[in-house]
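Comments concern the structure below.
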Amino acid sequence: MPRGKSSRRSQAAKLRVAGTRVGHQQPGNASFAPAGGTGNRHRVHKWPISSLTGRQHKMVIPAESPDKEFVLLVGASHLRSIVDGIVKMPEGRFSFGAMSTPGACATQLRTEAANAVLPRTPDAVCVMAPSNNLTSSRTITEAGEDFAKLLATACSRWPNVFAMDFPPRLTVDPDYQDMMRQEFRRVAARMGVKYTPLDEYFPFKELDLWSRDGVHLSDSAGMPILVGSIWNATYMQLVPAEPKPSPVVHRRSPPARRVTPRVIVKGEVAKSPQLDPSKWTVFGQGRKRSQHDEPEQSIDALKEAGTVQQEELEESYLPLTPVWFSSAMLVEMDKISPSHLPGPDECTSPVPTLQKKPKLELKQRAPASKKTLAKRQGEAAPMVVEVILRPPTSRGTVAVEQQVCALCVNDVLSE
């Protein structure tokens with residue numbers, strides 16, 4: 001059954017709607033509503049039309065200054081206030097020129113940059129990211145490709161190029177703007193061009209930063225922020241950063257190795273003589289020598305060496321009168337000091353302890369007559385007692401000898 005005129009009209013309307021949706025593939029956000037700013041913007045002046053792009057185009061180049069570096073700005077309608085001189089760039093060590101093409105996308109900006117005629121080569125070129133591609137490009141990928149071509153043309157003409165982010169808009173979904181901004185940043189990073197973001201300086205709640213159309217920045221609040229950001233990015237691009245001094249790392253030195261000193265003695269080392277406990281101390285005239293002293297040397301050796309004079313060693317003795325002992329006295333003396341025991345020169349063991357001698361009781365005799373006394377005096381002869389003194393070895397030996405002498409005297413008196 002053939003369809004009527006109304007059916008064909010409805011199909012045409014559907015095709016028109018489908019074509020519009022295909023041409024602008026923007027992410028849908030039901031909560032987003034376009035808004036306008038509250039700031040003021042100057043009245044737009046009419047510029048000459050470019051024969052290359054069919055859009056208004058104007059370029060301003062400052063006078064040459066030997067003590068300033070020349071910087072060229074390339075962008076769209078956001079640079080109109082700078083070109084017209086309504087918003088001034090900060091003064092200092094840089095001299096800024098601007099080339100503005102309002103309403104131009106990345107492709108049109110590329111055409112104008114390729115055919116621009118400059119009186120001198122700029123020290124740096126700042127390319128503003130094209131915000132018009134938010135509406136002119138069908139996809140984000142297509143916008144990224146156009147931006148890459150724009151950067152490639154600028155880098156082919158000028159040696160020092162860096163990129164600036166586009167100011168946000170109040171009429172486009174913020175999520176879509178973020179995706180477009182990320183695409184431009186990836187393209188710049190892939191080509192080795194520095195990209196400076198701007199979105200953090202323009203919060204959407206501060207409506208005075210935009211003009212009433214919600215697209216352009218206001219001359220009083222928004223544009224001063226933009227020109228300040230451009231100047232800072234230019235300074236970072238042209239002025240090399242001073243190298244930061246490397247932090248001084250104080251390394252702990254390893255603990256010093258303790259070395260025990262060793263004394264090395266060269267030559268022969270004199271050894272102390274070993275002590276022999278079985279030997280007795282030797283006595284000499286006027287001095288005493290023991291095993292701890294220096295070893296004895298013969299008199300002949302000392303004479304030959306000429307170092308020590310000869311010392312006469314004489315045995316100490318006392319001239320005594322010999323005394324004849326009776327047999328009873330000898331028996332008593334043998335009991336106290338047995339004769340079979342070794343002498344002090346031969347004995348190495350300590351002297352045995354002595355037992356107490358029993359007291360001798362002397363019997364009283366009748367007084368002798370005169371004849372007896374005369375007889376005894378006649379028979380009495382000179383007594384000689386021979387006593388040989390030996391070096392005392394202990395107190396016990398001295399006591400024994402004293403006791404023997406006492407008994408001898410008593411025996412003589414009794415006879």
Could you tell me if the side chain of [Y] sits less than 4.5 Å from the side chain of [X], heavy atoms only?
{"X": "Leu226", "Y": "Met128", "value": "yes"}
{"X": "Val44", "Y": "Arg80", "value": "yes"}
{"X": "Thr101", "Y": "Gln56", "value": "no"}
{"X": "Met223", "Y": "Arg41", "value": "no"}
{"X": "Met59", "Y": "Val83", "value": "no"}
{"X": "Ser50", "Y": "Arg55", "value": "no"}
{"X": "Cys155", "Y": "Val193", "value": "yes"}
{"X": "Leu207", "Y": "Leu170", "value": "yes"}

[atom1]-[atom2] distance between [X] and [Y], expressed to the nearest 0.5 angstrom:
{"X": "Leu72", "Y": "Ile61", "atom1": "CG", "atom2": "CD1", "answer": "5.5 Å"}
{"X": "Phe147", "Y": "Ile140", "atom1": "CZ", "atom2": "CD1", "answer": "14.5 Å"}
{"X": "Gln108", "Y": "Asp146", "atom1": "CD", "atom2": "CG", "answer": "10.5 Å"}
{"X": "Asp173", "Y": "Phe32", "atom1": "CG", "atom2": "CZ", "answer": "6.0 Å"}
{"X": "Leu209", "Y": "Ser218", "atom1": "CG", "atom2": "OG", "answer": "6.0 Å"}
{"X": "Met236", "Y": "Thr234", "atom1": "CE", "atom2": "OG1", "answer": "11.5 Å"}

Hey, does the side chain of [X] reach the backbone of [Y] with a donor-acceptor pair shorter than 3.5 angstrom?
{"X": "Arg157", "Y": "Ala113", "value": "yes"}
{"X": "Asn133", "Y": "Ala143", "value": "no"}
{"X": "Arg185", "Y": "Pro197", "value": "no"}
{"X": "Asp213", "Y": "Val215", "value": "yes"}
{"X": "Gln237", "Y": "Phe162", "value": "no"}
{"X": "Ser95", "Y": "Lys68", "value": "no"}

Residues that Arg181 engages under salt bridge (charged side-chain N to carboxylate O under 4.0 Å, His left out), provided they are two or more places apart: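 Here the qualifying residues are Asp165, Asp178.
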
Contacts of type salt bridge (charged side-chain N to carboxylate O under 4.0 Å, His left out), residue Glu112, not counting sequence neighbours: none

Which heavy-atom pair separates [X] from [Y] by the least distance, and what is that distance?
{"X": "Leu109", "Y": "Pro130", "answer": "CD1-CB, 4.1 Å"}
{"X": "Thr171", "Y": "Pro34", "answer": "CA-CB, 4.1 Å"}
{"X": "Phe202", "Y": "Gly222", "answer": "CE2-O, 3.7 Å"}
{"X": "Ala116", "Y": "Met99", "answer": "CB-SD, 3.8 Å"}
{"X": "Ser136", "Y": "Cys105", "answer": "OG-CB, 3.7 Å"}
{"X": "Met164", "Y": "Ala233", "answer": "SD-CB, 3.6 Å"}

Plane angle bin for Phe96 and Phe94 - parallel if under 30°, tilted between 30 and 60°, otherwise perpendicular: perpendicular

Any side-chain donor near an acceptor of the partner, Ser77 and His216, under 3.5 Å: yes

Side-chain H-bond candidate by donor/acceptor type, Asp208 with Thr38, under 3.5 Å: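 There is no such pair (donor and acceptor under 3.5 Å, judged by atom type) between the side chains of Asp208 and Thr38.
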
Flag if over 12 foreign heavy atoms under 6.0 Å of CZ, Arg212: no

Greater than 12 external heavy atoms within 6.0 Å of Phe204's CZ: yes

Intermediate values then yes/no, side chain to side chain contact (heavy atoms under 4.5 Å, CB included), Asp219 and Asn40: CA-CA 6 Å; Asp219 296 338; Asn40 297 323; over 6 Å; no

Asp84 and Trp47: CA distance, side-chain angles, deciding distance, side chain to side chain donor-acceptor pair (under 3.5 Å) verdict: CA-CA 10 Å; Asp84 289 339; Trp47 289 352; 3.2 Å; yes

Sole candidate of Thr53, Thr153, Asn115 that passes side-chain hydrogen bond (donor to acceptor under 3.5 Å, both in side chains) when paired with Arg110: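 Only one option passes, and that is Thr153.
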
Steps toward side chain to side chain contact (heavy atoms under 4.5 Å, CB included) verdict (Ser81, His42): CA-CA 8 Å; Ser81 301; His42 69 282; 3.1 Å; yes

Intermediate values then yes/no, side chain to side chain contact (heavy atoms under 4.5 Å, CB included), Val187 and Met191: CA-CA 6 Å; Val187 170; Met191 298 181 64; 4.1 Å; yes

Side chain to side chain contact (heavy atoms under 4.5 Å, CB included) evaluation trace for Ile82 with Val60: CA-CA 9 Å; Ile82 299 175; Val60 177; over 6 Å; no

Arg169 charged N/C atom sitting above Trp210 aromatic ring, 6.0 Å / 45°: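 Because its charged atom misses either the 6.0 Å distance or the 45° angle limit, Arg169 does not stack over Trp210.
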
